[in-house]
Number of protein chains: 2
Amino acid sequence: MDQVEVFKALSNKTRLQILNWLKSPAQHFPDQQNADFENVGVCVGQIQMKSGLSQSTISEYLSILQRAELINSTRVGQWTYYKRNEAGFKALEKLINQEL
Amino acid sequence: MDQVEVFKALSNKTRLQILNWLKSPAQHFPDQQNADFENVGVCVGQIQMKSGLSQSTISEYLSILQRAELINSTRVGQWTYYKRNEAGFKALEKLINQEL
DNA sequence: TTGGAATATCGGGAAAAGTCGATATACATT
DNA sequence: AATGTATATCGACTTTTCCCGATATTCCAA
(Lines give C-alpha, C1' and ligand atoms only; values in the text may rest on other atoms or scores of the structure.)
Protein backbone atom coordinates (compact mmCIF):
# COMPACT_ATOMS: atom_id res chain seq x y z
CA MET A 1 0.00 0.00 0.00
CA ASP A 2 1.66 3.18 -1.23
CA GLN A 3 1.10 5.81 1.43
CA VAL A 4 1.19 8.88 -0.79
CA GLU A 5 -1.04 7.20 -3.35
CA VAL A 6 -3.71 6.41 -0.76
CA PHE A 7 -3.75 9.90 0.67
CA LYS A 8 -3.91 11.43 -2.79
CA ALA A 9 -6.87 9.23 -3.59
CA LEU A 10 -8.56 10.54 -0.45
CA SER A 11 -7.73 14.18 -1.24
CA ASN A 12 -10.87 14.90 -3.21
CA LYS A 13 -14.35 15.68 -2.03
CA THR A 14 -16.12 13.66 -4.69
CA ARG A 15 -13.98 10.59 -4.10
CA LEU A 16 -14.62 10.78 -0.38
CA GLN A 17 -18.31 11.01 -1.13
CA ILE A 18 -18.19 7.95 -3.35
CA LEU A 19 -16.54 5.94 -0.59
CA ASN A 20 -19.23 7.09 1.75
CA TRP A 21 -22.02 6.20 -0.65
CA LEU A 22 -20.57 2.74 -1.03
CA LYS A 23 -20.85 2.21 2.69
CA SER A 24 -24.61 1.83 2.41
CA PRO A 25 -25.43 1.32 -1.24
CA ALA A 26 -29.07 0.35 -0.74
CA GLN A 27 -29.66 3.66 0.93
CA HIS A 28 -27.79 5.82 -1.55
CA PHE A 29 -28.72 4.04 -4.76
CA PRO A 30 -32.38 3.12 -4.53
CA ASP A 31 -32.62 3.29 -8.33
CA GLN A 32 -30.32 0.40 -9.04
CA GLN A 33 -32.54 -2.48 -10.14
CA ASN A 34 -31.89 -6.10 -9.26
CA ALA A 35 -28.82 -5.03 -7.43
CA ASP A 36 -26.79 -7.45 -5.49
CA PHE A 37 -25.16 -4.75 -3.42
CA GLU A 38 -23.49 -7.15 -1.04
CA ASN A 39 -21.71 -9.17 -3.64
CA VAL A 40 -20.84 -6.78 -6.39
CA GLY A 41 -21.57 -3.23 -5.31
CA VAL A 42 -22.78 -0.36 -7.43
CA CYS A 43 -22.27 0.24 -11.13
CA VAL A 44 -20.44 3.20 -12.60
CA GLY A 45 -23.49 4.81 -14.15
CA GLN A 46 -25.34 5.04 -10.86
CA ILE A 47 -22.39 6.64 -9.18
CA GLN A 48 -21.91 9.01 -12.07
CA MET A 49 -25.53 10.14 -12.03
CA LYS A 50 -25.47 10.76 -8.33
CA SER A 51 -22.23 12.70 -8.49
CA GLY A 52 -23.26 15.02 -11.27
CA LEU A 53 -19.78 14.84 -12.83
CA SER A 54 -19.03 13.47 -16.26
CA GLN A 55 -18.83 9.78 -17.05
CA SER A 56 -15.14 9.95 -17.87
CA THR A 57 -14.31 11.75 -14.66
CA ILE A 58 -16.08 9.20 -12.51
CA SER A 59 -14.55 6.29 -14.35
CA GLU A 60 -11.15 7.87 -13.71
CA TYR A 61 -11.94 8.51 -10.05
CA LEU A 62 -13.00 4.94 -9.54
CA SER A 63 -9.77 3.67 -10.98
CA ILE A 64 -7.82 6.01 -8.70
CA LEU A 65 -9.65 4.59 -5.72
CA GLN A 66 -9.04 1.10 -6.98
CA ARG A 67 -5.32 1.65 -7.47
CA ALA A 68 -5.26 2.85 -3.87
CA GLU A 69 -6.87 -0.46 -2.88
CA LEU A 70 -9.86 1.24 -1.31
CA ILE A 71 -12.41 -0.31 -3.66
CA ASN A 72 -12.53 -3.19 -6.07
CA SER A 73 -14.52 -4.00 -9.13
CA THR A 74 -16.45 -6.84 -10.67
CA ARG A 75 -17.43 -6.91 -14.30
CA VAL A 76 -20.88 -8.36 -14.93
CA GLY A 77 -21.98 -8.14 -18.52
CA GLN A 78 -21.60 -4.59 -19.68
CA TRP A 79 -21.54 -3.23 -16.17
CA THR A 80 -18.66 -2.72 -13.83
CA TYR A 81 -19.65 -2.82 -10.20
CA TYR A 82 -17.56 -1.22 -7.53
CA LYS A 83 -17.61 -1.89 -3.81
CA ARG A 84 -15.48 -0.98 -0.83
CA ASN A 85 -12.43 -3.07 -0.13
CA GLU A 86 -12.56 -3.35 3.62
CA ALA A 87 -9.11 -4.93 3.73
CA GLY A 88 -7.78 -1.71 2.26
CA PHE A 89 -9.47 0.34 4.95
CA LYS A 90 -8.01 -1.94 7.59
CA ALA A 91 -4.57 -1.38 6.11
CA LEU A 92 -5.21 2.35 6.18
CA GLU A 93 -6.19 2.21 9.84
CA LYS A 94 -3.01 0.37 10.59
CA LEU A 95 -1.03 2.91 8.62
CA ILE A 96 -2.48 5.77 10.62
CA ASN A 97 -2.15 4.02 13.95
CA GLN A 98 1.29 2.56 13.57
CA GLU A 99 3.28 4.14 10.81
CA LEU A 100 2.34 7.78 10.64
CA MET B 1 -10.99 19.11 10.83
CA ASP B 2 -11.35 19.48 7.08
CA GLN B 3 -11.08 16.02 5.58
CA VAL B 4 -9.72 16.96 2.19
CA GLU B 5 -7.24 19.36 3.74
CA VAL B 6 -5.82 16.67 6.04
CA PHE B 7 -5.44 14.14 3.26
CA LYS B 8 -3.81 16.69 0.99
CA ALA B 9 -1.36 17.52 3.73
CA LEU B 10 -0.52 13.83 3.94
CA SER B 11 -0.17 13.44 0.16
CA ASN B 12 3.51 14.27 0.01
CA LYS B 13 6.49 12.13 0.77
CA THR B 14 8.52 14.86 2.45
CA ARG B 15 5.65 15.88 4.69
CA LEU B 16 5.09 12.28 5.74
CA GLN B 17 8.77 12.07 6.54
CA ILE B 18 8.64 15.19 8.66
CA LEU B 19 5.78 13.78 10.69
CA ASN B 20 7.77 10.64 11.18
CA TRP B 21 10.90 12.50 12.23
CA LEU B 22 8.87 14.41 14.78
CA LYS B 23 7.81 11.15 16.37
CA SER B 24 11.28 10.71 17.86
CA PRO B 25 13.07 14.02 17.59
CA ALA B 26 16.02 13.11 19.80
CA GLN B 27 16.81 10.28 17.45
CA HIS B 28 16.39 12.19 14.20
CA PHE B 29 17.84 15.52 15.24
CA PRO B 30 20.93 14.83 17.33
CA ASP B 31 22.38 18.18 16.24
CA GLN B 32 19.81 20.35 17.91
CA GLN B 33 21.51 21.86 20.94
CA ASN B 34 19.81 22.44 24.26
CA ALA B 35 16.63 21.13 22.77
CA ASP B 36 13.56 20.67 24.83
CA PHE B 37 12.06 18.20 22.42
CA GLU B 38 9.18 17.26 24.69
CA ASN B 39 7.89 20.73 25.22
CA VAL B 40 8.54 22.57 22.02
CA GLY B 41 9.71 20.19 19.33
CA VAL B 42 12.18 20.82 16.56
CA CYS B 43 13.04 24.09 14.87
CA VAL B 44 12.52 24.79 11.19
CA GLY B 45 16.19 24.94 10.31
CA GLN B 46 16.90 21.44 11.58
CA ILE B 47 14.03 20.02 9.63
CA GLN B 48 15.07 21.92 6.53
CA MET B 49 18.66 20.67 6.69
CA LYS B 50 17.59 17.10 7.12
CA SER B 51 15.09 17.30 4.27
CA GLY B 52 17.47 18.76 1.72
CA LEU B 53 14.73 21.02 0.35
CA SER B 54 14.83 24.81 0.44
CA GLN B 55 14.03 26.85 3.50
CA SER B 56 10.96 28.38 1.89
CA THR B 57 9.58 25.02 0.88
CA ILE B 58 9.92 23.56 4.34
CA SER B 59 8.41 26.62 5.97
CA GLU B 60 5.47 26.23 3.61
CA TYR B 61 5.17 22.50 4.29
CA LEU B 62 5.15 23.07 8.01
CA SER B 63 2.34 25.55 7.68
CA ILE B 64 0.37 23.10 5.56
CA LEU B 65 0.77 20.47 8.26
CA GLN B 66 -0.20 22.99 10.88
CA ARG B 67 -3.33 24.09 9.02
CA ALA B 68 -4.25 20.40 8.89
CA GLU B 69 -3.89 20.30 12.68
CA LEU B 70 -1.23 17.61 12.56
CA ILE B 71 1.49 19.71 14.16
CA ASN B 72 1.69 22.90 16.15
CA SER B 73 4.30 25.53 16.71
CA THR B 74 5.89 27.47 19.50
CA ARG B 75 7.93 30.56 18.90
CA VAL B 76 10.95 30.86 21.19
CA GLY B 77 13.14 33.79 20.40
CA GLN B 78 14.04 33.68 16.76
CA TRP B 79 13.17 30.04 16.42
CA THR B 80 9.89 28.39 15.64
CA TYR B 81 9.63 24.90 17.03
CA TYR B 82 7.22 22.38 15.64
CA LYS B 83 5.93 19.23 17.26
CA ARG B 84 3.26 16.69 16.52
CA ASN B 85 -0.26 17.48 17.61
CA GLU B 86 -1.41 14.14 18.94
CA ALA B 87 -4.98 15.37 19.26
CA GLY B 88 -4.98 15.87 15.51
CA PHE B 89 -3.81 12.32 14.94
CA LYS B 90 -6.54 11.07 17.25
CA ALA B 91 -9.06 13.00 15.22
CA LEU B 92 -7.64 11.48 12.07
CA GLU B 93 -7.96 7.98 13.51
CA LYS B 94 -11.54 8.67 14.35
CA LEU B 95 -12.14 10.03 10.88
CA ILE B 96 -10.79 6.88 9.30
CA ASN B 97 -12.58 4.55 11.67
CA GLN B 98 -15.94 6.20 11.76
CA GLU B 99 -16.50 8.62 8.96
CA LEU B 100 -14.74 7.29 5.93
C1' DT C 1 -23.51 -8.98 -37.58
C1' DT C 2 -24.94 -4.65 -36.74
C1' DG C 3 -26.55 -1.28 -33.37
C1' DG C 4 -26.85 0.28 -28.90
C1' DA C 5 -25.50 0.72 -24.09
C1' DA C 6 -21.88 0.81 -20.39
C1' DT C 7 -17.36 1.71 -19.38
C1' DA C 8 -12.50 2.97 -20.32
C1' DT C 9 -9.06 5.68 -22.41
C1' DC C 10 -7.20 9.80 -24.72
C1' DG C 11 -6.16 14.72 -25.40
C1' DG C 12 -6.63 19.09 -23.60
C1' DG C 13 -7.49 23.46 -20.90
C1' DA C 14 -7.86 25.40 -16.31
C1' DA C 15 -6.67 25.27 -11.58
C1' DA C 16 -3.79 23.72 -7.80
C1' DA C 17 0.49 21.98 -5.80
C1' DG C 18 5.63 21.58 -5.73
C1' DT C 19 9.53 23.97 -5.48
C1' DC C 20 12.81 27.56 -5.94
C1' DG C 21 15.34 32.20 -5.14
C1' DA C 22 14.60 36.74 -3.54
C1' DT C 23 12.77 39.62 -0.23
C1' DA C 24 10.40 40.84 4.09
C1' DT C 25 9.78 40.38 8.98
C1' DA C 26 10.99 39.37 13.67
C1' DC C 27 14.07 38.83 17.05
C1' DA C 28 18.82 38.93 19.38
C1' DT C 29 23.34 40.83 19.93
C1' DT C 30 26.54 44.17 19.73
C1' DA D 1 21.01 51.85 15.81
C1' DA D 2 23.14 48.46 12.97
C1' DT D 3 24.06 43.83 11.87
C1' DG D 4 23.21 38.99 11.82
C1' DT D 5 20.22 34.94 12.10
C1' DA D 6 15.77 32.33 11.78
C1' DT D 7 11.55 32.13 9.69
C1' DA D 8 7.75 33.68 6.67
C1' DT D 9 5.99 35.45 2.52
C1' DC D 10 6.14 36.60 -2.46
C1' DG D 11 6.62 35.88 -7.45
C1' DA D 12 7.69 32.71 -10.83
C1' DC D 13 8.07 28.42 -13.20
C1' DT D 14 7.13 23.45 -13.66
C1' DT D 15 4.47 19.49 -12.68
C1' DT D 16 0.26 17.43 -11.21
C1' DT D 17 -4.64 17.27 -10.57
C1' DC D 18 -9.33 18.34 -11.95
C1' DC D 19 -12.56 17.85 -15.10
C1' DC D 20 -14.40 17.82 -19.69
C1' DG D 21 -15.77 16.06 -24.57
C1' DA D 22 -14.55 12.83 -28.03
C1' DT D 23 -13.29 8.38 -29.19
C1' DA D 24 -12.29 3.47 -28.36
C1' DT D 25 -13.52 -0.87 -26.35
C1' DT D 26 -16.49 -4.37 -24.59
C1' DC D 27 -20.49 -6.66 -24.26
C1' DC D 28 -25.45 -7.60 -25.21
C1' DA D 29 -29.57 -7.93 -28.11
C1' DA D 30 -32.04 -7.78 -32.21
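A quick note: this is a predicted structure, and the numbers were derived from the prediction, not measured. The sequence lines fix the lettering, A, B, ..., with proteins before strands; numbering per chain opens at 1.
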**Prompt:** Atom CD of B:Q48 to atom C1' of C:dG18: distance rounded to whole Å?
**Reply:** 16 Å
List the atom pairs, donor and acceptor, that lie under 3.5 Å between side-chain atoms in residues 47-58 of chain B and the rest of the protein, sequence neighbours left out.
unit_1	atom_1	unit_2	atom_2	d
B:Q48	NE2	B:L53	O	2.9
B:K50	NZ	B:H28	O	3.4
B:S51	OG	B:Q48	O	2.8
B:S51	OG	B:L53	N	3.0
B:S54	OG	B:S56	OG	3.2
B:S54	OG	B:T57	N	3.2
B:S54	OG	B:T57	OG1	2.9

**Request:** Please list all pairs passing the side chain to side chain donor-acceptor pair (under 3.5 Å) test where one or both residues lie in residues 86-100 of chain B, with sequence neighbours left out.
**Result:** B:R84-B:E86
**Message:** If you compare every side-chain N and O of B:Y82 against the phosphate oxygens of D:dA8 (OP1, OP2), does one of them come in below 4.0 Å?
**Reply:** yes
Any N/O pairs under 3.5 Å between the protein and nucleotides 13-17 of chain C? List them or say none.
unit_1	atom_1	unit_2	atom_2	d
C:dA17	OP1	B:K8	NZ	3.0

**Request:** Give a yes/no on whether any side-chain N or O of A:Y61 is located under 4.0 angstrom from OP1 or OP2 of D:dC19.
**Result:** yes
**Asked** When you match A:G77 and B:L62 each to their closest nucleotide on DNA chain D, which lands nearer the 5' end?
**Response** B:L62
**Request:** Report the distance from atom OH of A:Y81 to atom P of C:dA8, rounded to the nearest whole Å.
**Result:** 12 Å
**Donor-acceptor pair, side chain of A:N85 and main chain of A:E69, under 3.5 angstrom** = yes
**Message:** Just to verify, what does A:S73 make a side-chain hydrogen bond (donor to acceptor under 3.5 Å, both in side chains) with, not counting sequence neighbours?
**Reply:** A:Q66
**Request:** Provide the closest heavy-atom pair for B:Y81 versus B:V40 in the form atom of the first, atom of the second, distance.
**Result:** CB-O, 3.2 Å
**Min side-chain heavy-atom separation B:L70-B:F89 under 4.5 Å** = yes
Between the protein and nucleotides 20-26 of chain D, list every N/O to N/O distance that falls short of 3.5 Å.
unit_1	atom_1	unit_2	atom_2	d
D:dC20	OP2	A:S54	N	2.7
D:dC20	OP2	A:S54	OG	2.9
D:dC20	OP2	A:T57	OG1	2.9
D:dG21	N7	A:S56	OG	3.3
D:dG21	O6	A:S56	OG	2.9

**Asked** Distance check: side-chain N/O of B:T80 vs OP1/OP2 of D:dA8, anything under 4.0 Å?
**Response** yes
**Message:** What is the separation between atom CD1 on A:I71 and atom C1' on C:dT7, rounded to the nearest whole Å?
**Reply:** 14 Å
**Request:** Taking all non-hydrogen atoms of both residues into account, name the closest pair between B:I71 and B:L62 and its distance.
**Result:** CD1-O, 3.4 Å
**Item:** Pairs satisfying salt bridge (charged side-chain N to carboxylate O under 4.0 Å, His left out), at least one member in residues 6-15 of chain A, at least two apart
**Value:** none
**Message:** I need the minimum non-hydrogen distance between B:D2 and B:E5, along with the two atoms involved.
**Reply:** OD1-N, 3.0 Å
**Message:** Can you work out whether A:S63 or A:W79 has the more 5'-proximal nearest nucleotide on DNA chain C?
**Reply:** A:W79
**Prompt:** To the nearest Å, how far apart are A:E60 CD and C:dG11 P?
**Reply:** 14 Å
**Request:** Return the value, rounded to whole Å, for the distance between atom CE of B:M49 and atom C1' of D:dT5.
**Result:** 14 Å
